[in-house]
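Below: one structure, written as structure tokens.
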Number of protein chains: 2
Amino acid sequence: MLLTQSCMIGIRAALAVSVQGKDDIEAYRPIRQIADALDVSFHFLTKILQVLTHAKIMESYKGPNGGVRLAKPPEELFLIDIVEAIDGTSVFSTCLLGLPGCGVETPCPVHDEWAKSKDQIERLFRETSLAKLSDDTCEKLLRF
Amino acid sequence: MLLTQSCMIGIRAALAVSVQGKDDIEAYRPIRQIADALDVSFHFLTKILQVLTHAKIMESYKGPNGGVRLAKPPEELFLIDIVEAIDGTSVFSTCLLGLPGCGVETPCPVHDEWAKSKDQIERLFRETSLAKLSDDTCEKLLRF
DNA sequence: AAGATTTAAGAGTCTGTTGTCAGAAATAGT
DNA sequence: ACTATTTCTGACAACAGACTCTTAAATCTT
């Protein structure tokens, strides 16, 4: 698996918040409600969203009518921001064979080929915004 | 991380055996010797090579002058064989967001883009033989 | 002020991966 | 036969990730 379970849920939660925030971007969405929509554990999702809140990707508010919302407009939030906050950047920087210091000067036997795939994946995460994802999701009625 | 630690070591070990077997493909290479070459734990490597032996990727022989060797010529062994034996195929078949049943009919919001990267990675594993890797390794004096 | 709602934080459990170790089984050489 | 060498097997400890639960803190409503 490329991403951890936590990270996959984090992305889906951010997407859910983004979709729900289309009409009112200021409103806070209760974590309980998001957990129901994604069909994941409320407590577990709470933990994940705490990380995104600390990373300034989301903002939270306690009490009645509280919840979480995006800290920035979805056009300025990219998948890589969420992945970095939860899983770190190692996915895009580590050698396929786990050799330390694998790079252009001291490549491993699969470095060149893997670099191409790695770059493509990294570009996918770096260029895909929550805005694009939520637009696609609404337009094509996709699940998340 | 795309591959588990075990899988990365398994690939490196297979490559080491393939490189050492260039002069005498029949000979068995002691696990201890491979472990030293890769700088990994002997006992841990033993566990990993047992899996590859059970998967008919390698053959083993006990006693003095014993060890492991490739069960087939390196031209017929591909990275995907090792990955499937140790990690399974899930890497190439799972949805990026972990949604069950994600596919062409019921795609997740990132399905199409991820499918491209996934196909490229799978092709890399499916088309790269141990023979090619060990040739490259010897030719360019790469480490493993 | 009191009570209900909702996130925050920390402790704890469970599971799978990583890694270690000791003893058994097989083989070669003497 | 005996000994040294080497893989095989199963048990186990250490760790990280996944997930649960309880209590605290903040906020709104009445």
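Quick caveat, the model's predicted, so the values are computed rather than measured.
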Think His54(B) has a side-chain N or O under 4.0 angstrom from the OP1 or OP2 of dT9(D)? yes

Does the side chain of Ile11(B) come within less than 4.5 Å of Leu3(B)'s, by heavy atoms? yes

Less than 4.5 Å apart, any side-chain heavy atom of Leu99(A) and any of Phe144(B)? no

Can Lys132(B) and Asp136(B) be counted as an ion pair, charged N to O under 4.0 angstrom? yes

Cation over ring, Arg32(B) on Phe42(B), under 6.0 Å and within 45°? yes

Dump the pairs, protein N or O against N or O of nucleotides 19-23 of chain D, anything under 3.5 Å, distances to one decimal.
from, atom 1, to, atom 2, distance (Å)
dT20(D), OP2, Ser41(A), OG, 2.4
dT20(D), O4, Lys47(A), NZ, 3.4

Please produce a list of atom pairs where a protein N or O lies less than 3.5 Å from an N or O of nucleotides 28-30 of chain D.
from, atom 1, to, atom 2, distance (Å)
dC28(D), OP1, Tyr61(A), OH, 3.0

Output the rounded distance in Å from CZ (Arg32(B)) to P (dA4(D)). 16 Å

How long is the line joining CG of Asp36(A) and C1' of dT6(C), in whole Å? 14 Å

Heavy-atom side-chain proximity of Tyr28(B) to Asn65(B) below 4.5 angstrom: no

Quick one: does any side-chain atom of Arg69(B) pair with a main-chain N or O of Glu26(B) as donor and acceptor, under 3.5 Å? yes

In whole angstrom, give the distance that lies between atom CG of Leu3(B) and atom P of dG16(C). 20 Å

When the axes are fitted on five pairs at both termini, how much does the helix from dA1(C)-dT30(D) to dT30(C)-dA1(D) curve, in 10° steps? 0°

Are Lys72(A) and Glu76(A) within salt-bridge range, i.e. N to O under 4.0 Å? no

Count I, L, V, M, F, W, Y as connected when their side-chain heavy atoms are under 4.5 Å apart, and connections chain through other members. Are Val83(B) and Met1(B) then in the same cluster? yes

From CG of Leu2(A) over to P of dG17(D), roughly how many Å is that when rounded to an integer? 15 Å

Donor + acceptor pair across side chains of Glu84(B), Thr89(B) (<3.5 Å): no

When you look at Lys22(B) and Ser134(B), which way does the side-chain contact (heavy atoms from CB on, under 4.5 Å) test go after all the steps? CA-CA 9 Å; Lys22(B) 270 195 186 305; Ser134(B) 58; 3.6 Å; yes

What is the separation between atom CD1 on Ile31(A) and atom P on dT27(D), rounded to the nearest whole Å? 15 Å

